[in-house]
Amino acid sequence: MKHLLKETDLSSTDLNRVFSLARELKKNRGKQTSSLLSGKTWVLIFSKESTRTRVSFEVGIRELGGNVIFLNKNDIQLGRGETVEDTARVLSRYAHGLVVRTYDHSDVERLASAGSIPVINALTDFLHPCQTLTDAFTAAERWAGPTGDLVESLKGRKIAFLGDTRFNMANSWMLTASMFGMKISLAGPTAYKPGEKINQLLQAGGRKIDYQVTTDPYEAVQGADIVYTDTWTSMGQESEAAARAIAMKPYTVTEKLFAAAKPDAFFMHCLPAHPGEEVVQAVLDNPRSIIFDEAENRLHVQKAIISHLTESK
Ligand code: CP
Ligand code: NVA
């Protein structure tokens with residue numbers, strides 16, 4: 001059984017397949033109907049809010065011909081203490097796949113190992129693989145054009161990640177950069193530097209990673225092809241918002257900071273954005289900001305991921 005719990009669950013062959021499928025699905029959207037998931041039901045279980053992930057998965061599963069059930073964790077017995085394992089075993093008797101957004105990364109791992117249907121990580125505190133795989137696809141479609149090699153176009157590119165370098169988006173970008181042969185430079189306050197767990201995962205894969213951590217945002221963006229940021233206060237960290245806003249202030253992506261990257265660099269953000277905090281409105285509106293392509297591509301890439309997991313069972 002194949003799952004997508006972390007980026008490195010996909011081999012380089014899988015990545016090529018997912019990207020070319022996503023390109024094809026995007027090109028043909030609305031032109032042909034799919035019956036890939038005909039008669040199948042996927043269940044979404046979300047313990048956190050979502051706009052893009054929920055809607056793109058619901059639309060995508062329907063476009064593949066399947067049915068969807070959306071559940072908030074508190075709608076089901078899981079919220080009252082039924083075990084993750086029993087939930088996985090029961091849902092595996094009804095459904096054909098699970099998409100899960102939660103806090104603790106071990107919950108998606110436990111669902112995957114106790115159940116017998118594919119599990120897709122739709123964000124945990126540790127990783128957000130659907131987002132960074134989509135981000136990489138979004139930059140690649142610009143660099144490779146309509147027919148070029150998407151995966152190859154990422155090799156050797158540099159991404160600068162600014163702000164909270166200790167949470168899901170930074171962790172996922174470290175893994176993603178390592179998989180595509182990209183360089184990554186992370187700039188943020190020392191108290192929010194990458195943790196042990198992501199370093200262990202990077203080392204476990206034995207992957208070579210050109211990875212630099214600095215407190216200087218200008219050093220990080222030097223020579224960058226992508227300038228990336230995320231909210232300073234992620235879901236579940238609301239009580240720390242004031243302290244985070246003070247600590248991360250030097251890492252706001254201003255026009256001056258964005259201009260210090262390569263002249264043709266893209267600005268990217270997983271969204272939701274907080275204008276005036278991690279990024280100024282003028283950068284969000286810059287012609288080289290590709291934030292809404294990223295949001296749109298969640299649909300195409302996730303359809304490709306589901307197709308790939310379903311086909312390779
Ligand atoms: N980027 C992202 O995952 O957005 P949502 O929280 O709206 O799903
Ligand atoms: N780091 C953010 C990402 C939102 C898509 C969060 O976890 O809230």
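Order of appearance sets the numbers: ligands from 1, and atoms from 1 within every ligand.
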Trainee: I'd like to check which ligand 2 atoms, numbered from 1 as shown, lie under 4.0 Å from a non-hydrogen atom of F167.
Mentor: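 Under 4.0 Å from F167, ligand 2 has these atoms: 7 (O).
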Trainee: Got a salt bridge between K48 and D125, using NZ or NE/NH1/NH2 to carboxylate O under 4.0 Å?
Mentor: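 Judged by the 4.0 Å cut-off on N to carboxylate O distance, K48 and D125 do form a salt bridge.
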Trainee: Under 4.0 Å from a heavy atom of D230: give me the atoms of ligand 2 that qualify, with their elements.
Mentor: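 By the 4.0 Å cutoff, the relevant atoms are 1 (N), 2 (C), 3 (C).
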Trainee: Taking all atoms of both residues into account, what is the closest heavy-atom pair of Y211 and P194, and its distance?
Mentor: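 In terms of heavy atoms, the two residues are closest at OH-CB, 3.6 Å.
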Trainee: To check your reading of the model: name the closest protein heavy atom to atom 4 (C) of ligand 2, its residue, and the distance in Å.
Mentor: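 It is L123 CD1, 3.9 Å.
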Trainee: Looking only at atom types and distance, does a side-chain atom of S11 sit under 3.5 Å from a main-chain N or O of D14, one as donor and one as acceptor?
Mentor: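 Present.
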Trainee: With only distance considered, is N168 within less than 3.5 Å of ligand 2 through an N or O on each side?
Mentor: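 Looking only at distances, the answer is yes, because the N/O contact criterion of under 3.5 Å is met.
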Trainee: At less than 4.0 angstrom from any non-hydrogen atom of S234, what atoms of ligand 2 do you find?
Mentor: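 It comes down to these atoms of ligand 2: 1 (N), 2 (C), 6 (C), 7 (O), 8 (O).
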Trainee: Starting from V99, can I reach L25 by hopping between I/L/V/M/F/W/Y residues whose side chains sit under 4.5 Å apart?
Mentor: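 They do not share one cluster, since no chain of ILVMFWY contacts under 4.5 Å joins L25 to V99.
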Trainee: To the nearest 0.5 Å, how far apart are CG in L37 and CG in L64?
Mentor: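 Rounded to the nearest 0.5 Å, the CG-CG separation comes out at 5.0 Å.
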Trainee: Regarding ligand 1, does M235 bring an N or O atom to under 3.5 Å of one of the ligand's N or O atoms?
Mentor: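 Not met; the criterion fails.
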Trainee: Using only atom types and a distance under 3.5 Å, with no angle test, would you say the side chain of R288 pairs donor to acceptor with the backbone of A265?
Mentor: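 Yes, the answer is positive, given that a donor and an acceptor are paired below the 3.5 Å cut-off.
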Trainee: To the nearest 0.5 Å, what is the distance between CE on M174 and CG on L127?
Mentor: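 Going from CE on M174 over to CG on L127, the span is 9.5 Å.
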Trainee: Just to be sure I read this right, does ligand 2 sit under 4.0 Å from the backbone of L271, its side chain, both, or neither, counting only heavy atoms?
Mentor: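 The backbone, only.
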Trainee: Please verify the inter-ring angle class for F19 with F137; under 30° counts as parallel, over 60° as perpendicular, anything in between as tilted.
Mentor: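 Perpendicular.
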Trainee: What are the atoms of ligand 1, with element, lying closer than 4.0 Å to any heavy atom of R298?
Mentor: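 It comes down to these atoms of ligand 1: 1 (N), 2 (C), 3 (O).
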Trainee: As a check for students: among K48, E49, R101, identify the option with a heavy atom nearest to atom 6 (O) of ligand 1.
Mentor: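 Answer by nearest heavy atom: R101.
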Trainee: If we only count N/O pairs under 3.5 Å, is M235 in contact with ligand 2?
Mentor: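 Indeed, backbone or side chain, M235 has an N or O that close.
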Trainee: Tell me whether ligand 1 is touched by L123 - counting only heavy atoms on the residue side and a distance under 4.0 Å.
Mentor: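 So L123 does not count as touching ligand 1.
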Trainee: Is T231 in polar range of ligand 2, meaning some N or O pair under 3.5 Å apart?
Mentor: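 Between T231 and ligand 2 (N or O atoms, distance only) the closest approach is not under 3.5 Å.
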Trainee: Considering only non-hydrogen protein atoms, determine which one is nearest to atom 7 (O) of ligand 1 and report residue, atom name and distance to 0.1 Å.
Mentor: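 Its nearest protein heavy-atom neighbour is T51 N, 2.7 Å.
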Trainee: Just distances here: any N/O of R54 and N/O of ligand 1 closer than 3.5 Å?
Mentor: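 No.
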Trainee: Taking the six-membered ring for Trp and the full ring for Phe, Tyr or His, determine whether the centres of F126 and Y103 are under 6.0 Å apart.
Mentor: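 So the answer is no for these two rings.
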Trainee: Going by the atom numbers of ligand 1, which of them fall below 4.0 Å from some non-hydrogen atom of H128?
Mentor: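 So the atoms of ligand 1 that pass are 2 (C), 3 (O).
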Trainee: Scan E63, E58, E296 and name whichever one has a salt bridge (Lys or Arg N to Asp or Glu O under 4.0 Å) with K303.
Mentor: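 The passing option is E63.
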Trainee: Please write down residue, atom name and distance for the protein heavy atom closest to atom 4 (O) of ligand 1.
Mentor: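 Protein heavy atom with the smallest distance to atom 4 (O) of ligand 1: R52 NE, 2.8 Å.
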